[in-house]
*Asks:* 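Before anything else, here's the structure in question.
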Amino acid sequence: MAYRLSATRLQTYRRCAQAYYWRYEKRLPGPAGFGGTALGTSLHRCLAQFHGDWDAQDPQPSRDWLAQCWHAIATDLNQEQQHEGWQILETYYREQIQPQATWQRPLAIEGRIQATLVLEGIEFLVSGRYDRLDLREDGLHLVDYKSAKRLEPPRPEQIDVQLGLYQLALEQRYGQLKSLSLVHLRSGQAYRYGCTTQQREAVLEQIATLAQQIRSDQQWQPQVGEQCRSCGYRRYCPAVNAEAEPIPETITSSSDRRIQLSLAL
């Protein structure tokens, strides 16, 4: 049997098993997510073409080539979005492209990764997408673009889980991942995180623990802590709320045994 997982699910489970159960097993309404925007999608498409299709005989992709890519991609945006997008791309070019005298074509652009993992007799399907995978002299480096107006660097526990999952997924095809870089397009700033054996082992341990929990007692005990302040399920939790609301009837996911480890950041 396989079970559905994600980086967010692993982080949720580590913070509080009960919140995990309510969110993913009981499917209780929780905090709303944020979808992508047309501008953000266009920026990602532009950079995929910019890095993937440039003439590698040139020492680095040119600003004119970036403008050509943007003009072709941004046709469905309004004038304000086109202008804003070009300003963002100029910042990216100035901060990330110009400082490097030479470039080489990435190993992969907007690629998919998929691998299988069996722990405690349970099969997990590890899959996801990434923006760019570079092969340099010292190994593989993953690059992910962020187009939000503000980017707060991930907490250490978040990046450890994300990197650990990327390592598990990529090593079966490409080998050891060396780093992950989060590039904030609006500021041109990059946050680089190195991969360690400890990150990989920590994720394996989390998945194994979750597998044991699913197979055995299924108690999903609450873990009281700082995370309770922002928990979307606080109103149902007697551990922090003396007047906890009754849990609404929902359709559980117990019949769904197909799992995917999503690597979205």
Side-chain angles (χ1 to χ4, degrees), residues 1-25 30 33 107-108 111-134 138-144 146 152-182 191-223 225-227 231 253 256-265:
M1 287 186 180
Y3 292 87
R4 187 181 300 275
L5 289 177
S6 69
T8 301
R9 289 183 185 218
L10 284 179
Q11 292 161 1
T12 301
Y13 177 76
R14 184 164 64 176
R15 288 193 297 268
C16 179
Q18 184 170 261
Y20 175 95
Y21 174 73
W22 284 340
R23 181 173 182 179
Y24 297 112
E25 296 294 319
L107 178 64
R112 289 184 177 272
I113 48 181
Q114 183 167 301
T116 56
L117 181 67
V118 178
L119 288 172
E120 303 296 331
I122 298 178
E123 182 182 59
F124 298 92
L125 176 63
V126 186
S127 68
R129 297 185 63 89
Y130 54 83
D131 290 326
R132 200 175 87 221
L133 185 62
D134 294 339
D138 62 339
L140 294 169
H141 297 265
L142 204 62
V143 179
D144 196 67
K146 300 298 181 184
E152 294 185 3
R155 297 187 300 271
E157 63 271 17
Q158 289 179 306
I159 203 65
D160 284 348
V161 171
Q162 293 164 349
L163 276 173
L165 290 177
Y166 278 125
Q167 287 176 279
L168 291 173
L170 286 168
E171 67 184 10
Q172 293 189 17
R173 179 174 181 182
Y174 295 112
Q176 180 64 42
L177 181 66
K178 293 296 184 180
S179 76
L180 165 67
S181 292
L182 303 180
Y191 302 89
R192 183 175 176 179
Y193 303 90
C195 296
T196 67
T197 302
Q198 289 77 9
Q199 289 165 332
R200 181 186 184 280
E201 296 303 319
V203 167
L204 283 172
E205 182 179 353
Q206 289 184 58
I207 299 173
T209 300
L210 180 57
Q212 291 176 335
Q213 187 82 8
I214 292 171
R215 291 182 59 186
S216 56
D217 56 24
Q218 297 189 352
Q219 292 299 306
W220 310 106
Q221 292 294 330
Q223 181 175 334
E226 189 70 22
Q227 70 276 3
C231 179
S253 61
D256 182 7
R257 297 306 187 190
R258 301 187 64 81
I259 280 201
Q260 194 167 17
L261 279 172
S262 171
L263 303 183
L265 292 171

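Every value quoted in this text rests on a predicted model; they were computed, and no experiment measured them. Along the sequence shown, residues carry numbers from 1.
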*Asks:* Could you tell me the separation between the CD atom of Q227 and the CZ atom of R14, rounded to the nearest 0.5 Å?
*Replies:*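 Reported value, rounded in 0.5 Å steps: 11.0 Å.
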
*Asks:* From R23 CZ over to Y20 OH, what is the distance, rounded to the nearest 0.5 angstrom?
*Replies:*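 So the gap between those two atoms works out to 10.5 Å.
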
*Asks:* Are L107 and Y174 close enough that some pair of their side-chain heavy atoms sits under 4.5 Å apart?
*Replies:*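 L107 reaches Y174 side chain to side chain.
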
*Asks:* Minimum heavy-atom separation for Q221 and C16, please, with both atom names.
*Replies:* O-SG, 4.5 Å

*Asks:* So, for L177 and L142, which heavy atoms are closest and what is the spacing to 0.1 Å?
*Replies:* CD1-N, 3.9 Å

*Asks:* To check you understand the geometry: which heavy-atom pair defines the closest contact between W220 and A17, and what is its length?
*Replies:*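 Looks like CE3-O, 3.5 Å.
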
*Asks:* Rounded to the nearest 0.5 Å, what separates atom CD in Q219 from atom CD in Q18?
*Replies:*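 Reported to 0.5 Å precision, the distance equals 10.5 Å.
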
*Asks:* Using the rule given for side chain to side chain contact (heavy atoms under 4.5 Å, CB included), can you reason through C195 versus K178, listing the C-alpha separation, both sets of side-chain angles and the distance that settles it, and then say yes or no?
*Replies:* CA-CA 5 Å; C195 296; K178 293 296 184 180; 5.9 Å; no

*Asks:* For the CG atom of L180 and the CD atom of Q167, what is their distance to the nearest 0.5 Å?
*Replies:* 10.0 Å

*Asks:* Taking atom CG of L133 and atom OH of Y166, what is their separation to the nearest 0.5 Å?
*Replies:* 10.5 Å

*Asks:* Could you walk me through whether D131 and V143 satisfy the side chain to side chain contact (heavy atoms under 4.5 Å, CB included) test, starting with their C-alpha distance in whole Å, then the side-chain angles of each, then the deciding distance to 0.1 Å, before giving a yes or no?
*Replies:* CA-CA 6 Å; D131 290 326; V143 179; 5.7 Å; no

*Asks:* Rounded to the nearest 0.5 Å, what separation is found between the CD atom of Q223 and the CZ atom of R15?
*Replies:* 10.0 Å

*Asks:* Tell me if a side-chain donor or acceptor on Q199 pairs with a main-chain N or O of L163 at a distance below 3.5 Å.
*Replies:*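 No; judged by distance alone, with no hydrogens or angles, the pair does not exist.
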
*Asks:* Determine the minimum heavy-atom distance between K146 and L182, stating which atoms define it.
*Replies:*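 For K146 and L182, the tightest heavy-atom pair comes out as CE-CD2, 4.2 Å.
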
*Asks:* Tell me, yes or no, whether the heavy-atom count around E205 atom CD, taken from other residues, nucleotides or ligands under 6.0 Å, exceeds 12.
*Replies:* no

